[in-house]
**Q** 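Just dropping this structure here.
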Amino acid sequence: MEKLNKILLTAAMVLTFAACKKSDVNAPPPPQQKDITTVDEKITGWMTKNKMPGMSLAVSKNGKLVYAKGYGEANTDTHEKVTTESQFRIASVSKLITSVAIMKLVENG
């Protein structure tokens with residue numbers, strides 16, 4: 001479980017810091033359907049390998065939501081599916097959010 005927490009924290013950090021960087025004029029084009037299929041396959045494969053019953057993913061670019069999807073089950077007893085509206089406990093991720101807020105304050109002087 002500790003390894004899973006480290007993986008999730010690392011993924012959250014990468015996504016958070018990527019969202020904070022300034023826009024790049026030479027940025028690649030927005031994701032296409034084939035890219036989304038690849039993301040879906042990677043996530044479902046990772047979930048299976050790590051025995052994760054459910055999770056949700058949201059991707060933003062330039063402050064706008066470009067992709068959101070729920071994967072797996074929110075409740076394994078009732079087989080309720082994860083949706084983009086599913087709520088998860090924030091747990092240790094709050095440390096990451098606080099650190100990003102502090103870095104933004106430092107960046108802004």
**Q** Which atoms form the tightest heavy-atom contact between P53 and T76, and what is the distance?
**A**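 In terms of heavy atoms, the two residues are closest at CB-CG2, 3.6 Å.
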**Q** Do M55 and M47 come close enough that some side-chain heavy atom pair is under 4.5 Å?
**A**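 In short, these two side chains touch, coming nearer than 4.5 Å.
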**Q** For the atom pair CG (L57) and CG (D40), what is the distance rounded to the nearest 0.5 Å?
**A**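 Interatomic distance, L57 CG to D40 CG, rounded to 0.5 Å: 8.5 Å.
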**Q** Name the one of V82, I43, T83 that satisfies side chain to side chain contact (heavy atoms under 4.5 Å, CB included) with Y71?
**A** I43
**Q** Are V59 and F88 joined in one hydrophobic group, where the rule is that I, L, V, M, F, W and Y side chains link up if heavy atoms are under 4.5 Å apart?
**A**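 Unlinked, V59 and F88 end up in two clusters.
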**Q** So, for K69 and T84, which heavy atoms are closest and what is the spacing to 0.1 Å?
**A**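 Nearest heavy atoms, K69 then T84: N-CG2, 3.6 Å.
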**Q** Got a sec, which hydrophobics cluster with L105, joining ILVMFWY side chains under 4.5 Å apart, including via others?
**A** none
**Q** Going by the side chain to side chain contact (heavy atoms under 4.5 Å, CB included) test, name the single residue among T48, T44, N50 that passes it with W46.
**A**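 Answer to the side chain to side chain contact (heavy atoms under 4.5 Å, CB included) test with W46 among T48, T44, N50: N50.
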**Q** To the nearest 0.5 Å, how far apart are OG in S56 and CD in Q87?
**A** 10.5 Å
